[in-house]
Amino acid sequence: MSTGSVSRHGMWSNRWLFILAAAGSAVGLGNIWKFPYIAGENGGGAFVLIYLVCVAFVGIPIMMAEVLIGREGRQSPINTMRKLTEQHHKSGLWTLIGWAGVVAGFLILSYYVVIAGWALFYVLQMGSGALDGATADSASRLFDEFLSDPWQMIMWQTIFMVMVVYIISKGVIKGLERAIRWFMPLLFVLLCVLLGYAVTSDGWSQGVEFMFRLDFSEVTSESVLIALGQAFFTLSLGMGAIMAYGAYLPSGTSIGSTVTIIALLDTAVAIAAGLAIFPIVFANGLEPSQGPGLMFVTVPLAFGQLPLGVVFGTLFFVLVSFAAITSAISISEPALAYLVEEYNAKRGRVAISLGAISWLLGIGTVLSFNVWADVHIVGQLTYFDFVDYVSQNVMLPLGGMFIALFAAYVLPNTVIGAQLGIKSGAAAVAWKVVCGVIAPAAVLVVFIATLFPDLFNAVIALF
Ligand code: TRP
């Protein structure tokens with residue numbers, strides 16, 4: 001069995017560094033920027049609850065599946081699937097999971113970098129004092145003006161992409177391990193500062209109520225799909241990113257507890273971000289459903305009112321940018337590792353081509369906020385909405401479903417048992433039920449519900 005082997009790309013120094021790297025991948029724009037705004041668009045509390053259920057019953061098992069497959073194969077997701085299917089005489093079609101992940105990775109990276117560029121722009125704005133004492137109006141205006149200028153956005157997108165390419169070309173393990181150790185705790189501290197401000201603001205009780213009040217009247221099958229997609233996105237699942245990281249995890253580390261720690265950290269950051277942002281929304285008469293601009297308007301507003309707000313606010317956007325970098329890196333790792341293995345290519349060269357393709361795809365996202373704002377790909381969806389929807393709500397859940405099935409049924413029980421450290425028959429059954437039935441079934445049900453929303457809403461209405 002290959003559990004004792006090492007990967008050619010390098011290995012995490014120990015279990016905690018894997019946790020930090022995976023948490024670095026998980027904690028990103030998805031938690032601080034996206035979670036609050038989609039919770040806002042989907043009515044708050046009930047959405048948050050559905051999201052938590054998705055993390056617990058679908059996200060955690062699928063993350064375990066990714067880590068176990070990755071550690072068993074010890075290669076890029078594509079070659080890991082190829083190796084494992086050959087070794088166990090299964091259909092080579094499973095390798096498509098790896099390929100689909102690479103495609104999803106390009107799509108996600110393309111817009112992720114654009115939004116991360118916004119955070120960089122805000123480092124400069126906060127730092128220059130432009131947002132000192134900002135009002136709801138002036139903060140919204142600054143953001144709208146920024147969005148209407150494609151050149152400005154392309155410039156920040158480019159700067160961020162160059163940073164990502166530079167880091168991934170150096171190799172993930174040495175450069176990042178050290179940095180993540182410092183940045184992640186600092187980010188957490190600053191979120192707590194923001195949270196402290198929110199607690200003392202006039203909107204606190206309204207914000208808390210919005211986050212936790214259970215009103216299912218606004219829940220549709222579509223919002224359940226969005227909650228599921230968000231669970232995948234925020235935990236970096238469904239495209240092989242965690243599988244690639246799992247390939248560098250030393251043998252003998254417990255997968256179950258490690259994954260649980262990562263999911264808890266990630267969830268804590270998302271909830272903290274929501275609790276920090278919504279009170280400010282209500283205290284300033286803003287709309288919780290205002291969309292992608294939510295964080296970029298509320299956070300400057302809050303820091304603009306605090307002593308030393310310029311310093312803290314600048315630091316906050318620096319840390320958000322950093323959280324975005326540690327995530328962007330993991331999005332590109334599956335494709336990068338594959339190309340290095342397949343063509344014996346230099347990491348640096350591969351990184352540049354990968355960055356260039358993704359950058360080009362990202363231009364469409366930039367234009368979606370201005371020149372192409374009225375161009376709709378399907379229904380009301382702009383290019384950005386479309387790429388975001390297809391990658392996050394379709395490709396990640398489907399990828400995750402097949403990963404779960406692979407880890408439950410395709411791999412021999414002896415392999416699964418050895419990887420997960422399963423000792424009792426009951427534990428083996430529990431794994432089959434959760435990873436082989438509950439998680440994939442949940443994805444399937446949500447998909448069918450989205451294809452046939454009327455049926456779903458009729459069932460929901462019964463409650
Ligand atoms: N989880 C990251 C976030 O919340 C984004 C991310 C990193 C990601 N790697 C991924 C999303 C892989 C999907 C797949 O911002």
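Just so you know, ligand 1 is whichever comes first in the structure, and atom 1 is the first atom listed for that ligand.
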Exercise for the section: Determine whether Val113 and Gln157 make a side-chain contact, defined as any pair of heavy atoms from C-beta on separated by less than 4.5 Å. Expected result: yes
Problem - atom 3 (C) of ligand 1: the protein heavy-atom neighbour that sits closest, reported with distance to 0.1 Å - result: Ala26 O, 3.3 Å
Exercise for the section: May I ask you to decide if Ser358's main-chain N or O and Ser110's side chain share a donor-acceptor pair within less than 3.5 Å? Expected result: no
Exercise for the section: Could you establish whether Trp33 and ligand 1 come within less than 4.0 Å of each other, counting only heavy atoms on the residue side? Expected result: no
Exercise for the section: May I ask you to identify the nearest protein heavy atom to atom 15 (O) of ligand 1, giving residue, atom name and distance to one decimal place in Å? Expected result: Tyr112 OH, 2.5 Å
Problem - Within-cut-off N or O pair, Val27 and ligand 1, under 3.5 Å - result: no
Exercise for the section: Return a yes/no value for Met239: is any of its N or O atoms, backbone included, closer than 3.5 angstrom to an N or O of ligand 1? Expected result: no
Completion exercise
the protein heavy atom lying closest to atom 2 (C) of ligand 1 turns out to be Ser25 O, 3.1 Å
Handout entry: Subset of ligand 1 atoms that lie under 4.0 Å from at least one heavy atom of Ile331
Key = 6 (C), 7 (C), 8 (C), 9 (N), 10 (C)
Fill in the blank from the handout: atom 6 (C) of ligand 1: closest protein heavy atom, distance to 0.1 Å, is Ser236 OG, 3.6 Å
Exercise for the section: For the residue pair Ile261 and Trp16, establish whether any side-chain heavy-atom pair is separated by less than 4.5 Å. Expected result: yes
Problem - Any N/O pair Leu237/ligand 1 closer than 3.5 Å - result: no
Completion exercise
All heavy atoms of Arg74 vs all of Val6, minimum pair found to be CD-C, 3.7 Å
Practice task
Return a yes/no value for Phe233: is any of its N or O atoms, backbone included, closer than 3.5 angstrom to an N or O of ligand 1?
Solution key: yes
Problem - Residue portion contacting ligand 1 (non-hydrogen atoms closer than 4.0 Å) for Leu396 - result: side chain
Problem - Whether Asn42 side chain and Ile38 backbone form a donor-acceptor pair below 3.5 Å - result: yes
Handout entry: Passing option when Phe296 is tested against Phe143, Tyr37, Phe146, Phe316 for ring pair (Phe, Tyr, Trp, His ring centres under 6.0 Å)
Key = Phe143
Practice task
For Leu29, take its heavy atoms, then give the atoms of ligand 1 lying under 4.0 Å from any of them.
Solution key: 15 (O)
Practice task
Answer yes when Glu341 and Arg82 have at least one side-chain N-carboxylate O distance shorter than 4.0 Å, and no when they do not.
Solution key: no
Handout entry: Donor-acceptor contact below 3.5 Å, side chain Ser353 vs main chain Arg349
Key = yes
Practice task
Tell me which protein heavy atom sits closest to atom 9 (N) of ligand 1, plus the residue, atom name and distance to 0.1 Å.
Solution key: Ser330 OG, 2.9 Å
Practice task
Could you check Asp266, Val27, Thr267 and say which one makes a side-chain contact (heavy atoms from CB on, under 4.5 Å) with Leu235?
Solution key: Asp266
